[in-house]
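Notes follow once the structure below has been shown.
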Amino acid sequence: VGVGLQNLNLLTETRRRLHEVNLLLDFSQKIGTLKTDEIMDLLLASLMQVVPAAQSAWVGLAEEKGALIIPRAVRGYADNASLLQIRLPLSGSELTLAAQVFHSGQPRRLAEINFASLYPISSEDLMRYRRATGGRLPVSTLALPVRLGDKSMGALVLENFDRSEAFTDEDASLALSLAQQTALAL
């Protein structure tokens, strides 16, 4: 019985891994002919499909001068257009979560967030975020760099508004793989 259960677990894990590999292959094939904003939108569509805890997501790129992260694609918000207007500084005494992962190059999976400390942004951008979310604040977040080698290009943020510890290590691994594929295509 024990060997049978172990084989069943191995089969389940193998199927999950094959699904992830197929997703990455499919994603890689699609992004080859797309423009930057289309690539970003495909990234979010793919992530929202495979990371069920992600109720909303956005991806931004550092602007040419490197002073700001500018959202380029947004999904799942009450008002996506408002989130696209937000500008996140990459320097200063207090950094946003997106700026932190941009600079560190490391993903952050936050079981619960303190919004005020992770989003020290202008009052105008706070109002835009409020409009974007319909007044809701995220409970848990997964933030990752969009990075090619040692060069950070942007940040990816997935949010859950209902539960703490919504994102798993597997979610972070899969999201990081898709973010790296995106960086290669850019």
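Hydrophobic cluster membership is shared by Leu97 and Val74, with clusters built from Ile, Leu, Val, Met, Phe, Trp and Tyr side chains linked at under 4.5 angstrom. No chain of hydrophobic side-chain contacts below 4.5 Å, direct or via other Ile, Leu, Val, Met, Phe, Trp or Tyr residues, connects Ile70 to Ile86. Linking Ile, Leu, Val, Met, Phe, Trp and Tyr whenever their side-chain heavy atoms come within less than 4.5 Å leaves Val146 and Phe102 in two separate clusters. A chain of hydrophobic side-chain contacts below 4.5 Å, direct or via other Ile, Leu, Val, Met, Phe, Trp or Tyr residues, connects Leu118 to Leu126. Clustering ILVMFWY residues whenever any of their side-chain heavy atoms sit less than 4.5 angstrom apart, transitively, puts Leu68 in a cluster other than the one holding Leu84.
Considering every non-hydrogen atom in both Ala54 and Phe167, the closest pair reads N-CE2, 3.7 Å. Across Arg131 and Asp79, no two heavy atoms sit closer than the pair O-CB, 3.5 Å. Pairing each heavy atom of Ala155 with each of Val101, the nearest pair is CB-CG2, 4.1 Å. Closest approach of Pro107 to Pro145, counting heavy atoms only: N-CD, 3.9 Å. Considering all non-hydrogen atoms of both residues, Ala179 and Leu43 come closest at N-CD1, 4.1 Å. Closest approach of Ala53 and Asn160 over heavy atoms only: O-ND2, 2.8 Å.
With hydrogens and angles disregarded, a donor-acceptor distance shorter than 3.5 Å links the side chain of Glu63 to the backbone of Ala67. Within the 3.5 Å criterion, the main-chain N or O of Arg147 finds no donor-acceptor partner in the side chain of Gln180. Distance alone, capped at 3.5 Å, is enough to place a donor-acceptor pair between the His103 side chain and the Leu90 backbone.
Leu144 has its side chain out of reach of Gln106: every pair of non-hydrogen atoms, C-beta onward, lies at least 4.5 Å apart. Residues Glu159 and Tyr77 are in side-chain contact: their nearest non-hydrogen atoms beyond the backbone lie under 4.5 Å apart. Contact check for Pro120 versus Thr96: side-chain heavy atoms found under the 4.5 Å cut-off. Side chains of Val139 and Ile113 form no contact here, defined as non-hydrogen atoms less than 4.5 Å apart. Counting heavy atoms from C-beta outward, Val157 and Thr141 have side chains that approach closer than 4.5 Å. Within the 4.5 Å cutoff, the side chain of Leu110 has no heavy atoms near those of the Ser140 side chain.
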task = Evaluate the criterion salt bridge (charged side-chain N to carboxylate O under 4.0 Å, His left out) for residue pair Asp162 and Arg136; output intermediate values, then yes/no.
result = CA-CA 10 Å; Asp162 296 328; Arg136 299 176 71 194; 2.6 Å; yes

key: Evaluation steps, side-chain hydrogen bond (donor to acceptor under 3.5 Å, both in side chains), between Arg128 and Ser82   = CA-CA 5 Å; Arg128 289 181 184 112; Ser82 289; over 6 Å; no

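With values rounded to the nearest 0.5 angstrom, Met40 atom CE is found 9.5 Å from Leu156 atom CG. Atom CG of Asn80 sits about 13.0 Å away from atom CH2 of Trp58, to the nearest 0.5 Å. The distance from atom CG of Leu42 to atom OG1 of Thr182, rounded to the nearest 0.5 Å, is 7.5 Å. To the nearest 0.5 Å, the span separating CG on Leu61 from OG1 on Thr36 amounts to 7.0 Å.
Here the rule is side chain to side chain contact (heavy atoms under 4.5 Å, CB included) with Val59, and of Ile39, Leu44, Leu158 only Leu44 fits it. With Asp171 as reference, Leu142 is the one residue of Leu142, Leu47, Leu176, Val50 to meet the side chain to side chain contact (heavy atoms under 4.5 Å, CB included) rule.
In Glu38, the CD atom is crowded: over 12 heavy atoms of neighbouring residues, nucleotides or ligands sit closer than 6.0 Å.
Using a cutoff of 4.0 Å between basic side-chain nitrogens and carboxylate oxygens, Arg87 and Asp125 are not scored as salt-bridged. The pair Arg75-Asp41 meets the salt-bridge criterion, since a charged nitrogen lies less than 4.0 angstrom from a carboxylate oxygen.
A tilted orientation is assigned to the rings of Phe115 and Tyr129, their planes being inclined by 30° to 60°.
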